[in-house]
Structures are given as structure tokens and as C-alpha cells.
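Below is one structure, written out as C-alpha cells; the observations come after it.
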Amino acid sequence: MGNDGGSIPTRRELVKSAARNPTVSELKATALESLSHSWAHDPLNSEPLDMENLVSDWQGRLYNYETILKALMPSDEADEGADTPGAHELTFSATGIKSLRDVVKLKLKRYAPPGSKEKEIWACPVSLKELGPSTKSVYVVPCGHVFAEVAMKQIQEELCPECSEPFQSSDVIPILPTEKTEIERLAKRLEALRAKGLAHTLKKDKSASKKKRKADDPEKNGNGASERAPPPKASKKDAPTINNAFAASLTAKVLAEQEERNKRRKLAAAS
């Protein structure tokens, strides 16, 4: 521009390389990065996943058992940001989880490669492939054992290779599925289960039974208000009876945390 022999670039030359479609390798790298994050972090609070206390819903998403338990516990006030759009990857209300019957406790197996000084890995008990974002994995309902998908395709009998519990092919759930066909299949499976009054764990869906009883109640179908007295409200301190020792201890821990949090709120309000 200053008689130095240079040239002035045109607008076309400036913007011709600005917009381009990502390459296949770039798309794969992005998908692997997203899967790696989902295998390592709880989508409800972004905390690291505890692989020994892992649960999954009908869509194959992974959560910490404690996170689901806290979200299901009654409280005077919801946890800050728990259901705030944008606060985390996913809000609890968007998961559709109504009870522990909507999640399956996953059972992963540790494996130490022979002759290796590295730490143990979580691996498929059949193929010994390391479970994670680089291996397409599935779990079996209702037992919850996790395998590499390639290993499950080689199994002829519909019996869990770990516990020999029978299952149907429709109850093999992909972990963190990305393909549209897989997600559609899982949605149809859940719809069929709900039509039978069952939850994701193949246990009876109590919420569906309550809705049916309410619809069939003649006292509430156009003949005025019910003459029966309403049932007493459950107290927050009335913890349900839990047979599982781990779940019972975790529930007690959550209740203690809630009670301590409520005390701090009352002290702050009084001051």
C-alpha cells in the first residue's frame, strides 16, 4: 500500500477459509472428548464418577449413586443449581428418574494386566478390554454387570456371563449411546415396559400403579370430594426402611447433611 510492492487482499481472500466443514478425524476427536468427559463426570453436578458406586438410567447415562439418592430425598429447599438450566450438563427433572427403580446399579470388574506394574483397570470380564470411552460398552438388566459390546455379541445364550442370570436381548443397554437408532430403541423399550407397569430395572413401577388407582377411584371421578380423610404427610425425618446396608448408611449420611444444612440456614435467618 505504501509503494512497497505489496498487494491489498480482497474480501474474498480474507473469508474464503473462515468457514469449512470439520474433517472426519476432527469429528471423531470431538466425539471421543465428549465421551471421555461423560465417563469421568456426573452430568448432574460435574463431580468425578465413583466407578464402585455407579448407576445408569434407561438411556445409558452414568451417575453417582449418592447423587441420585440426594436428589430423591425430600428437602425443604432444593439444592442450589440442582434444577437450574445451564448450571450443569443436565437437570434432575430432565432425567425422568422418579425412584431408585429407574436406575440400575452397575457392577464393573477390576483387572490387573499380568506382568504390568501399572494400576488395576476396569475391564470387561470376558474380553478383558478396558472399559471407557475407547470401548463401546453395555450392561445387562437387571443384574447390572458391564461388558464390552463385542463380547456380548459373541455370547449365544441369553445368560449373564458373570452371574448366569437370564436376560432378553432388549435388556442389554448401551452405555452413553451416540447413535440415533440406539436411543430410539431404548425409548421404545421403556415405553413397552411402562405399558406393562414396569420400571427400567424390570421391577414394578409404583408410580404407574398409583396413577391407575387414582384414575379408578370412584370417589374422585365426578361424585364430589372424597369422604376419606387424606393420608398423613410423610415426615422428612421418617426415613424409609432400606434392607441394603450400603444404601442405608448412605441414606443416613444424606439425612445428616440435610439436617446440618437446615440448622445453618436457620442460624443465618435468625442473625
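By convention here, the first residue in the shown sequence is residue 1.
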E47: partners by side chain to side chain contact (heavy atoms under 4.5 Å, CB included), with sequence neighbours left out = N45
Not counting sequence neighbours, which residues clear side chain to side chain contact (heavy atoms under 4.5 Å, CB included) with L190? List them please.
-> W58, R194
Would you say the side chain of V146 lies within less than 4.5 Å of the side chain of V138, judging by non-hydrogen atoms?
-> no
Test item: K129 side-chain N/O and A123 main-chain N/O as donor-acceptor pair under 3.5 Å = no
Listed pairs under 3.5 Å, donor-acceptor, residues 174-188 side chains, sequence neighbours left out:
{"residue": "E182", "atom": "OE2", "partner": "K136", "partner atom": "NZ", "Å": "3.0"}
{"residue": "R185", "atom": "NH1", "partner": "S170", "partner atom": "O", "Å": "3.3"}
{"residue": "R185", "atom": "NH2", "partner": "V172", "partner atom": "O", "Å": "3.0"}

Other than Y111, what residues sit in its cluster of Ile, Leu, Val, Met, Phe, Trp and Tyr side chains whose heavy atoms are under 4.5 Å apart, directly or through others?
-> I121, L128
Are V150 and I173 grouped together when hydrophobic residues (ILVMFWY) are joined by side-chain heavy atoms under 4.5 angstrom apart?
-> no
How about L54 and L108: do any of their side-chain heavy atoms sit closer than 4.5 Å?
-> yes
Look at the side chain of T201 and the backbone N and O of R101, then say whether any donor-acceptor pair between them is shorter than 3.5 Å.
-> yes
Between CG on residue L159 and OG on residue S164, distance to nearest 0.5 Å = 6.0 Å
Give, for atom CE of M152 and atom OG of S169, the distance between the pair rounded to the nearest 0.5 Å.
-> 10.0 Å
Taking side chain as C-beta onward, heavy atoms only, is V103 less than 4.5 Å from H200?
-> no
Honestly curious: do V104 and L49 fall in one hydrophobic cluster under the side-chain, below-4.5 Å linking rule?
-> yes
What residues form a salt bridge (Lys or Arg N to Asp or Glu O under 4.0 Å) with R189, not counting sequence neighbours?
-> D171
If you round to the nearest 0.5 Å, how far is OG of S99 from NZ of K203?
-> 9.0 Å
Check whether any side-chain heavy atom of L106 sits under 4.5 Å from a side-chain heavy atom of L62, and report yes or no.
-> yes
Provide the closest heavy-atom pair for P161 versus I155 in the form atom of the first, atom of the second, distance.
-> CG-CD1, 3.0 Å
Enumerate the residue pairs fulfilling ring pair (Phe, Tyr, Trp, His ring centres under 6.0 Å) with a member in residues 144-177, sequence neighbours excluded, ordered by first and then second residue.
-> none
With sequence neighbours left out, the residues meeting salt bridge (Lys or Arg N to Asp or Glu O under 4.0 Å) with D57 are R61
Set of side chain to side chain donor-acceptor pair (under 3.5 Å) partners for E52, sequence neighbours left out | R110
d(M51 CE, W39 CH2) to nearest 0.5 Å is 5.0 Å
Residues two or more places apart in sequence or in another chain: which of them pass side chain to side chain donor-acceptor pair (under 3.5 Å) with D42?
-> T67
CG of D102 to CD1 of I97: how many Å apart, nearest 0.5 Å?
-> 6.5 Å
With a 4.5 Å limit on heavy-atom distance, are the side chains of K109 and P125 in contact?
-> yes
Heavy-atom check, side chain of Y63 versus side chain of P43, under 4.5 Å = yes
Report yes if the side chains of N53 and K105 come closer than 4.5 Å at any heavy-atom pair, otherwise no.
-> yes
With side chains defined as the heavy atoms from C-beta onward, is the minimum distance between S137 and E149 less than 4.5 Å?
-> no
Evaluate the side-chain contact (heavy atoms from CB on, under 4.5 Å) criterion for residues L193 and L202: first the C-alpha distance (whole Å), next the side-chain angles of each, then the deciding distance (0.1 Å), finally the verdict.
-> CA-CA 8 Å; L193 288 176; L202 304 184; 3.7 Å; yes
Can you tell me if CD on E120 sees more than 12 non-hydrogen neighbours from other groups inside 6.0 Å?
-> yes
Shared-cluster residues of V24, by chain and number - hydrophobic side chains joined below 4.5 Å | none
Look up atom OG in S93 and atom NZ in K98, then write down how far apart they are to the nearest 0.5 Å.
-> 8.0 Å
Below 3.5 Å, can you tabulate the donor-acceptor pairs from side chains in residues 25-36 to any protein atom, sequence neighbours excluded?
{"residue": "S25", "atom": "OG", "partner": "T23", "partner atom": "OG1", "Å": "3.1"}
{"residue": "E26", "atom": "OE1", "partner": "T23", "partner atom": "N", "Å": "3.0"}
{"residue": "E26", "atom": "OE2", "partner": "R20", "partner atom": "NH2", "Å": "3.1"}
{"residue": "T30", "atom": "OG1", "partner": "E26", "partner atom": "O", "Å": "2.9"}
{"residue": "S36", "atom": "OG", "partner": "L32", "partner atom": "O", "Å": "2.8"}

What is the minimum heavy-atom distance between L44 and T95, and which atoms define it?
-> CD2-CG2, 4.0 Å
Across all chains, not counting sequence neighbours, the side chain to side chain donor-acceptor pair (under 3.5 Å) partners of H41 are H37
